[in-house]
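Working notes, structure below.
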Amino acid sequence: MTAFKSDFLNTLQERGFIHQCSDFAGLDALAAKGEATAYVGYDCTAPSLHIGNYLTMMMLHWLQQSGNKPITLMGGGTTMVGDPSGKDETRAIRTVTEIEANKASIRGVFAKVLRYGESKSDAIMLDNAEWLTKLNYIDMLRDVGRHFSVNRMLTMDSVRLRLEREQEMSFIEFNYMVCQAYDFVELAKRTGCSLQMGGSDQWGNIIMGVDLGRRMGTHQLYALTTPLLTTASGAKMGKTAQGAVWLNADQFSPYDFWQYWRNTEDADVGKFLKLFTTLPMSEIRKLEVLGGSEINEAKKVLATEATALLHGRDAASEAAETARRTFEEGALAETLPTVEIPRGEFDAGLGVLNAFVKAGLVASNGEARRQIKGGGLRVNDEPVTDEKMALSANHLTPEGVIKLSFGKKKHILLKPA
């Protein structure tokens, strides 16, 4: 393990954030003096960011904790182009209205892990639509485009992998790395930014920005990436049966977020405590060596601390207590996630297959049938044996809800409304 001068790189290394860096020595010296201004870009492709974005948000968090300055860059402009990284198909072109709505929905999450303000190390938020949407095409080609080698662009993973799989890449997508590189140069000029961070799939795009800065006369720029998230079993992290693990509470409840971490594989507990909590390393070391049934206590700490950081301590404590009552006492915890069903639809007789689909516990009627055959679905803690069963007022608990369960750990309350 390398001994760095800066708290920033020492912390990132100790916690497992570092994948590649363009110049460790140069960046280390800058960060040690508290003069590293760094940014991460976040495109507005959905109303919420997800777990993968959370990882880079934590990199910005530790940057700020070490006395350096973070920038969160909203991709109001680049979202109009569409990042081809890791995609086999062209991203859907979103309208300006959609992008603005997504941007507004995303903005609030950053304040959960970063401090914004006017002080030297306070975070700032910018939007690349401010400069990208004002560019003149011919000027862009002459002033910026001439610095790019198409030969080199074709070797970048975001392009090369698409072409190797014989998947079409549109001209607009091919320009994405030009836009991202120009962002880096623009931020360098506007704010003195010297570092861009991102996932390892962004390495090529970030390096293009470092090179463009050199060609366009900025100060020295640096690149730093983090490994893409995978579990110990090799699966890509951040997906559940219900879909992505979103950061906004209205798309993925604090209880679901808590449960996601509680269900971590044993071998990943230490890794995720380092990446997704702010617990001191001394405490993490004690937790990651636990074995047997004790590892479940470490998972609860992970779930509670990760949820508290994003959704607040009260929401985390409520989620932990809901889980305890549900699993340890077998009680009906009214704070379980609730899905409302129109009263008319309920009174007409709601088929059990449809009910589990509406609750988001299964993806389709076919999956519900398979789970029933395997004994995996329950209504009010009673196994479902008849796929033609209809839910009615007879199934309502005294609290006026119906508890649907998939396995031992996934529960949803259905409430006629």
Side-chain angles (χ1 to χ4, degrees), residues 2 4 6-32 34-43 49-75 78 83 85-86 106 109-110 113-116 121-126 128 156-158 176-177 179-188 190-213 218-229 247 274-276 278:
T2 306
F4 294 108
S6 65
D7 289 342
F8 171 57
L9 286 181
N10 279 323
T11 299
L12 289 199
Q13 179 176 241
E14 190 173 34
R15 288 182 172 264
F17 282 95
I18 296 176
H19 181 66
Q20 284 177 289
C21 180
S22 59
D23 177 3
F24 276 119
L27 178 58
D28 191 30
L30 199 65
E35 296 177 0
T37 297
Y39 91 95
V40 177
Y42 299 92
D43 279 349
L49 299 178
H50 53 75
I51 281 289
N53 304 124
Y54 198 29
L55 190 64
T56 55
M57 287 167 58
M58 291 304 295
M59 295 175 82
L60 290 173
H61 168 84
W62 292 117
L63 177 89
Q64 185 171 55
Q65 293 302 305
S66 64
N68 293 281
K69 189 177 188 70
I71 299 173
T72 46
L73 180 66
M74 304 301 291
T78 42
D83 184 1
S85 301
I106 287 168
V109 74
F110 296 106
V113 297
L114 296 172
R115 181 187 69 255
Y116 288 83
S121 62
D122 283 349
I124 59 174
M125 183 179 292
L126 297 172
N128 60 21
M156 296 298 168
D157 283 352
S158 59
Y176 188 90
M177 70 175 75
C179 294
Q180 185 170 333
Y182 183 73
D183 283 344
F184 202 173
V185 172
E186 192 70 25
L187 287 172
R190 289 176 179 236
T191 69
C193 180
S194 52
L195 171 64
Q196 183 182 172
M197 301 188 292
S200 60
D201 61 336
Q202 292 295 311
W203 176 254
N205 290 354
I206 298 175
I207 285 296
M208 282 289 198
V210 172
D211 186 58
L212 184 62
T218 69
H219 53 272
Q220 179 62 53
L221 304 181
Y222 301 93
L224 181 65
T225 60
T226 190
L228 291 184
L229 284 174
L247 302 187
K274 293 171 189 173
L275 294 175
F276 295 105
T278 56

CG/Leu49 to CE/Met57 distance, rounded to the nearest 0.5 angstrom? 6.5 Å
Drop me the distance from Tyr222's OH to Phe24's CZ, to the nearest 0.5 angstrom. 13.0 Å
Please assess Asn53 against His50 for the test side chain to side chain contact (heavy atoms under 4.5 Å, CB included), listing each intermediate value before the final yes or no. CA-CA 5 Å; Asn53 304 124; His50 53 75; 3.4 Å; yes
Donor-acceptor pair, His219 side chain versus Cys193 backbone, under 3.5 Å? yes
CG-CD1 distance between Asp183 and Ile71, expressed to the nearest 0.5 angstrom: 11.0 Å
Measure across Pro70 and Ser121 and return the closest heavy-atom pair with its distance rounded to 0.1 Å. CD-O, 3.5 Å
Taking all non-hydrogen atoms of both residues, which atom of Asn205 and which atom of Tyr176 are closest, and how far apart? ND2-CD2, 4.0 Å
Using side-chain heavy atoms (C-beta onward) and a distance below 4.5 Å, is Trp62 in contact with Val113? no
I'd like to know if the side chain of Gln20 and the backbone of Trp203 have a donor-acceptor N/O pair within less than 3.5 Å. no
Using distance alone, with no hydrogens and no angle criterion, decide if Thr56 and Tyr42 have a side-chain donor and acceptor under 3.5 Å apart. yes
Any non-hydrogen side-chain atom of Met208 less than 4.5 Å from a side-chain atom of Gln180? no
Between atom CG of Leu27 and atom OG of Ser194, what is the distance when rounded to the nearest 0.5 Å? 7.0 Å
Check whether any side-chain heavy atom of Thr37 lies under 4.5 Å from a side-chain heavy atom of Leu195, and answer yes or no. no
Closer than 3.5 angstrom, by distance alone: can the side chain of His19 be matched with the main-chain N or O of Ser200 as a donor-acceptor pair? no
Measure from the side-chain N and O atoms of Gln13 to the backbone N and O of Thr2, and report whether any donor-acceptor pair falls under 3.5 Å. yes
Just wondering, do Leu60 and Tyr39 contact through their side chains at under 4.5 Å, heavy atoms? no
Atom pair OG1/CG of Thr78 and Leu73 - distance to nearest 0.5 Å: 7.0 Å
Is there a side-chain contact between Phe110 and His61, using heavy atoms and a 4.5 Å cut-off? no
Leu275 and Met58: side chain to side chain contact (heavy atoms under 4.5 Å, CB included), yes or no, with the steps? CA-CA 7 Å; Leu275 294 175; Met58 291 304 295; over 6 Å; no
Pair Val109-Tyr54, side chain to side chain contact (heavy atoms under 4.5 Å, CB included): steps then yes or no: CA-CA 10 Å; Val109 74; Tyr54 198 29; over 6 Å; no
Counting only N and O atoms by type, is there a donor-acceptor contact under 3.5 Å from the side chain of Lys69 to the main-chain atoms of Asp122? yes
Atom pair CG (Asp211) and CD1 (Ile206), whose distance is rounded to the nearest 0.5 Å: 14.0 Å
Are Leu55 and Leu229 close enough that some pair of their side-chain heavy atoms sits under 4.5 Å apart? yes
Applying side chain to side chain contact (heavy atoms under 4.5 Å, CB included) to Asp28 and not counting sequence neighbours gives Phe4, Lys5, Ser6, Leu9
Less than 3.5 Å apart, any donor N or O on the side chain of Gln196 or Gln202 sitting next to an acceptor on the other? no
How would you list, by chain and number, every residue that makes a side chain to side chain contact (heavy atoms under 4.5 Å, CB included) with Ser66, sequence neighbours excluded? Asp7, Phe8, Asn68
How about Thr225 and Ile18: do any of their side-chain heavy atoms sit closer than 4.5 Å? no
Taking the side chain from Ser22 and the backbone from Ala223, do they hold a donor-acceptor pair closer than 3.5 Å? yes
Leu224 side chain near Leu12 side chain, heavy-atom distance below 4.5 Å: yes
Any donor-acceptor pair under 3.5 Å linking the side chain of Thr226 with the backbone of Phe17? yes
Of all heavy-atom pairs between Gly209 and Val185, which one has the smallest distance, and what is that distance? O-CG2, 4.3 Å
Taking it one step at a time, do Val40 and Met59 satisfy side chain to side chain contact (heavy atoms under 4.5 Å, CB included)? CA-CA 9 Å; Val40 177; Met59 295 175 82; 5.8 Å; no
Lys274 backbone acceptor or donor facing Arg15 side chain under 3.5 Å: yes
For Arg190, what residues pass the salt bridge (Lys or Arg N to Asp or Glu O under 4.0 Å) criterion, not counting sequence neighbours? Glu130, Glu186
Shortest non-hydrogen pair, Ala36 vs Ala31, comes out as CB-CA, 4.0 Å
